[in-house]
> 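This structure is in structure tokens; I'll ask about it shortly.
Chain naming here is simple, since letters A, B, ... match the order of the sequence lines and numbering starts at 1 in each.
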Amino acid sequence: MAANADILPAAPGARRSLAPGLSIGISSLYLSAIVLLPLAALGWKAHGWGAISTPQATAALKLTLELSLVVALVNAVAGTAIAWTLVRDRFVGQGFVNALVDLPFALPTIVAGLTLLALYGPKSPVGINAAFTRWGLLLALLFVTLPFVVRTVQPVLFELDREMEDAAASLGASRFTTFLRIVLPSILPAVLSGVALAFARAVGEFGAVVLISGNLPFKTEVVAVYVFGRLESGDSGGAAAASVVILSISFGVLLAIGALRRWVTRHDR
Amino acid sequence: MIAKYALRFVSLGYLAVLLVAPIGFVFWQTFEHGVGPAWDTVATPDALHALKVTLILTAIAVPANTIFGVLCALAIVRHRYPGAGIVNAVVDLPLALSPVVVGLALLVLYGRGGWLGGHGIVFALPGMVLATIFVSLPFVVREVVPVLREIGTEQEQVAATLGASAFQTFRRVTWPAIRWATLYGVVLTTARALGEFGAVSVVSGRLAGQTESLTLYVQDRYQSFDNTGAYAAAVLLALLALATLLLMTRLKPNEGVQ
């Protein structure tokens, strides 16, 4: 009996993994200290909407939202096309192209900005100068957001049953109709979730745009760069206020993606 | 048939114009006169110090976030407790947050007049470490959580009923299953820590030769019109990124290439 008592845990489940108190305690503490405490301090510091209703702040915010919207749309199309090419097409060097898609995640953002500036900047060997223009900003944002839609759509497209498409084709549907009616509805949640991630990334991007944008107020100043500028001129209240706006947009996008995922899992099974 | 080739052309063309051409051009400019001159421009004291700072930041942030990442994944998947949903949501925050906002938040908390101000944390290495930890926090958690869900608890329960202690169960049953996911998360964490710019830029104070990481050095060189120096340091960072990319491709489970 004594041996039995040793073998059978007193409370089944209590020893399932590392003591629950340990993992829950440490991770909550770590998250609070590293993430929540600084953000709480930021919220505390940002008082009043006055600081972000200045013309320069609203211009930066408006430009950021417009650009991010364009970035999201371009990514929806280009990302889906690239995912399609990787899954349905076959060509030499496909594995290399697949690895290449992750490059913007691995490459430091400042390096991304610098490389774009080298080729499409004032000393461009191809004669395109996008420096200090909104085209340059767009280029930089497209660079850093490239993987999001590809990486969310690719696995879904891979798992997609092709029988339905064959059936549609045999019933006389054109390729375009088949894509629109059969493929698109299945990959749409993945596209949307990738687009949302790309949008959130574009709203907050700093490193890739700081060199190429030239940071001209009212012209090429995005909101992250505006925050940095406020900070450098000692106006940390204004910087904090604009930050809280960015923060709310990020929160909103995260919530939207979460809701989308829950909706998909509910309707899938 | 034409549609297929057109799509391939557009997809690959997009990648070429946006990614391959700019990066290839910078590599070509840097190594135009061979590896020797390129190395000489990187081997300045300021650049080497910047490299050292970057390596220190990475060496602290990666182990910290790895240990936290595994524990947090266990807390999210294996335990039911009030607030589990909040933990799960907060973990994703650094992915969606602007790095500048992260830096500013740290500055407000630890800077002059902040709640925890006046301990020499901002405009110094500790602040940069905190910023790096913040931005690279989610990766290990996000890679380990789905694997933990997938493997379920049966084997762990068997181990427990056979008398294994919690630690033994983790070491012999759980860890072997999540080992590769953890490693993949570590690679992603490392890439992010090496390349972080915005958050570190805000809290560093940018003192050349002191609180300048390699990414900050790139910007500093470029803005001082030293293109060669900027390109050389950028290429060094890009090489580190390519190495991570190679590891990523090796470690990643096949997710949809025919």
> Please check: side-chain N/O of S11(B) versus main-chain N/O of A81(A), any donor-acceptor pairing under 3.5 Å?
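Yes, because the side chain of S11(B) sits within donor-acceptor range (under 3.5 Å) of the backbone of A81(A).
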> Heavy-atom distances under 4.5 Å only: say whether V210(A) touches chain B with side chain, backbone, both or neither.
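V210(A) touches chain B through side-chain heavy atoms alone.
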> Check for a donor-acceptor pair, side chain of S165(B) on one end and backbone N or O of Q168(B) on the other, with a separation under 3.5 Å.
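Side chain of S165(B) to backbone of Q168(B), a donor-acceptor pair under 3.5 Å: yes, one is there.
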> Please classify the contact between I86(B) and chain A as side chain, backbone, both or neither, with a heavy-atom cut-off of under 4.5 Å.
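For I86(B), neither part sits under 4.5 Å from chain A.
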> Is it the side chain or the backbone of F134(B) that comes within 4.5 Å of chain A heavy atoms, both, or neither?
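Both parts, backbone and side chain.
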> Where do R88(A) and L7(B) land on the side-chain contact (heavy atoms from CB on, under 4.5 Å) test, with the steps shown first?
CA-CA 11 Å; R88(A) 293 295 175 87; L7(B) 191 64; over 6 Å; no
> So what's closer than 4.5 Å to chain A heavy atoms on L214(B): side chain, backbone, both or neither?
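Looking at L214(B), nothing touches chain A.
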> Measure distances from L197(A) to the heavy atoms of chain B and classify the residue's part below 4.5 Å as side chain, backbone, both or neither.
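Looking at L197(A), nothing touches chain B.
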> Counting only N and O atoms by type, is there a donor-acceptor contact under 3.5 Å from the side chain of E196(B) to the main-chain atoms of A199(B)?
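Yes.
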> Looking at the rings of F148(A) and F105(A), which for Trp means the six-membered one, are their centres under 6.0 Å apart?
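For F148(A) and F105(A), the ring centres are under 6.0 Å apart.
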> Is it the backbone or the side chain of L231(A) that comes under 4.5 Å from a heavy atom of chain B, or both, or neither?
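The side chain, not the backbone.
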> List the steps and the verdict of side-chain contact (heavy atoms from CB on, under 4.5 Å) for L236(B) and Y231(B).
CA-CA 9 Å; L236(B) 185 59; Y231(B) 287 166; over 6 Å; no
> Heavy-atom distances under 4.5 Å only: say whether I34(A) touches chain B with side chain, backbone, both or neither.
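Both parts, backbone and side chain.
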> Could you look at L137(B) and say if it's the side chain, the backbone, both or neither that has a heavy atom under 4.5 Å from chain A?
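Side chain only.
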> If I measure from the heavy atoms of chain A, does L93(B) come under 4.5 Å with its side chain, its backbone, both, or neither?
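Both parts, backbone and side chain.
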> Name the region of L247(A), side chain, backbone, both or neither, that has any atom closer than 4.5 Å to a heavy atom of chain B.
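L247(A) touches chain B through backbone and side-chain heavy atoms alike.
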> Closer than 3.5 angstrom, by distance alone: can the side chain of T58(B) be matched with the main-chain N or O of T190(B) as a donor-acceptor pair?
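Flag not set: sc T58(B) to bb T190(B) has no pair under 3.5 Å.
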> Which one of A240(A), G258(A), A99(A), A106(A) has the most heavy-atom pairs closer than 4.5 Å to chain B?
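Going by pairs under 4.5 Å, I would pick A106(A).
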> Out of S98(B), G111(B), A105(B), G24(B), return the one with the most heavy atom pairs under 4.5 angstrom to chain A.
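Of S98(B), G111(B), A105(B), G24(B), A105(B) has the most heavy-atom pairs under 4.5 Å with chain A.
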> For Q29(B) and N227(B), test the side chains for any donor-to-acceptor distance below 3.5 angstrom and give the result as yes or no.
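There is no such pair (donor and acceptor under 3.5 Å, judged by atom type) between the side chains of Q29(B) and N227(B).
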> With chain B as the partner, which of I257(A), V97(A), L117(A), L255(A) has the greatest number of non-hydrogen pairs under 4.5 Å?
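Highest number of pairs under 4.5 Å: L117(A).
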> Is the backbone N or O of S213(B) less than 3.5 Å from a side-chain atom of T54(B), with the two atoms forming a donor-acceptor pair by type?
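A pair under 3.5 Å: no.
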> For chain A, find which of V141(B), L104(B), V91(B), T244(B) contributes the most heavy-atom pairs closer than 4.5 angstrom.
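Most heavy-atom pairs under 4.5 Å with chain A: L104(B).
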> Between the side chain of S250(A) and the main-chain N/O of A96(B), is any donor-acceptor distance below 3.5 Å?
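Yes: the side chain of S250(A) pairs with the backbone of A96(B).
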> Sub-3.5 Å donor-acceptor pair from the side chain of Q94(A) to the main-chain atoms of D89(A), do we have one?
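Yes: the side chain of Q94(A) pairs with the backbone of D89(A).
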> For Q155(B) and V158(B), indicate whether the former's side chain and the latter's backbone hold a donor-acceptor pair under 3.5 Å.
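No, Q155(B) side chain to V158(B) backbone: no donor-acceptor pair under 3.5 Å.
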> Answer with side chain, backbone, both or neither: which region of L36(A) has an atom nearer than 4.5 Å to a non-hydrogen atom of chain B?
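Side chain of L36(A) only, per the 4.5 Å heavy-atom cut-off to chain B.
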> Identify which part of L146(A) has an atom lying under 4.5 Å from any heavy atom of chain B, answering side chain, backbone, both or neither.
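When you check distances to chain B, only side chain atoms of L146(A) fall under 4.5 Å.
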> Please classify the contact of F27(B) with chain A as side chain, backbone, both or neither, using a heavy-atom distance under 4.5 Å.
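Neither the backbone nor the side chain of F27(B) comes within 4.5 Å of chain A.
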> Could you tell me whether the side chain of R8(B) and the main chain of R90(A) form a donor-acceptor pair under 3.5 Å?
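Looks like yes, one N/O pair under 3.5 Å.
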> Given a strict heavy-atom distance threshold of 4.5 Å, which part of L100(A) is in contact with chain B: side chain, backbone, both, or neither?
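Backbone plus side chain of L100(A), per the 4.5 Å heavy-atom cut-off to chain B.
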> For V26(B), which atoms come within 4.5 Å of any heavy atom of chain A: side chain, backbone, both, or neither?
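Just its side chain gets close to chain A.
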> Is it the case that S136(B) and N65(B) place a side-chain donor and acceptor less than 3.5 Å from each other?
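N65(B) and S136(B) do have a side-chain donor-acceptor pair below 3.5 Å.
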> Shorter than 4.5 Å, heavy atoms on both sides: which option in L107(A), I26(A), L114(A) has the most such pairs with chain B?
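The residue among L107(A), I26(A), L114(A) with the greatest pair count is L114(A).
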> In terms of heavy-atom pairs under 4.5 Å with chain B, which of V156(A), T109(A), L211(A) leads?
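Among the listed options, the one with the most contacts to chain B is L211(A).
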> May I ask you to decide if the ring planes of W84(A) and F179(A) are parallel, tilted or perpendicular, using 30° and 60° as cut-offs?
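Rings of W84(A) and F179(A): perpendicular, over 60°.
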> Can you tell which part of L240(B) gets under 4.5 Å to a heavy atom of chain A, answering side chain, backbone, both or neither?
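Answer is neither: L240(B) stays 4.5 Å or more from chain A.
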> Is it the backbone or the side chain of V35(A) that comes under 4.5 Å from a heavy atom of chain B, or both, or neither?
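Interface part for V35(A): both.
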> Counting only heavy atoms not in F9(B) (residues, nucleotides, ligands), do more than 12 fall under 6.0 Å from its CZ?
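No, the 6.0 Å shell around CZ holds no more than 12 heavy atoms from other groups.
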> Sort A64(B) into side chain, backbone, both or neither according to what part of it lies under 4.5 angstrom from a heavy atom of chain A.
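Looking at A64(B), backbone and side chain both touch chain A.
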> Is T215(B) close to chain A through its backbone or its side chain, or both, or neither, when contacts mean heavy atoms under 4.5 Å?
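Backbone plus side chain of T215(B), per the 4.5 Å heavy-atom cut-off to chain A.
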> Taking Q223(B) for the side chain and F225(B) for the main chain, is one N or O donor matched with an acceptor at less than 3.5 Å?
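Checked: no pair found.
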> Name the region of L242(B), side chain, backbone, both or neither, that has any atom closer than 4.5 Å to a heavy atom of chain A.
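For L242(B), side-chain heavy atoms alone lie under 4.5 Å from chain A.
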> May I ask you to name which of L116(A), I246(A), L37(A), V227(A) has the most heavy-atom pairs under 4.5 Å with chain B?
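The residue among L116(A), I246(A), L37(A), V227(A) with the greatest pair count is L37(A).
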> What part of V173(B) lies closer than 4.5 angstrom to a heavy atom of chain A: side chain, backbone, both or neither?
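Neither part.
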> What residue in V87(B), V202(B), L188(B), L109(B) has the most heavy-atom pairs under 4.5 Å with chain A?
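Greatest number of close heavy-atom pairs with chain A: L109(B).
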> Between T64(A) and V223(A), what is the shortest heavy-atom contact and its length?
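In this case the closest contact between T64(A) and V223(A) is OG1-N, 2.8 Å.
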> With a 4.5 angstrom heavy-atom cut-off, which part of A112(A) approaches chain B: side chain, backbone, both or neither?
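No part of A112(A) comes within 4.5 Å of chain B.
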> Looking at chain B, which one of S32(A), A200(A), A78(A) has the largest number of heavy-atom pairs inside 4.5 Å, strictly under?
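Highest number of heavy-atom pairs under 4.5 Å: A78(A).
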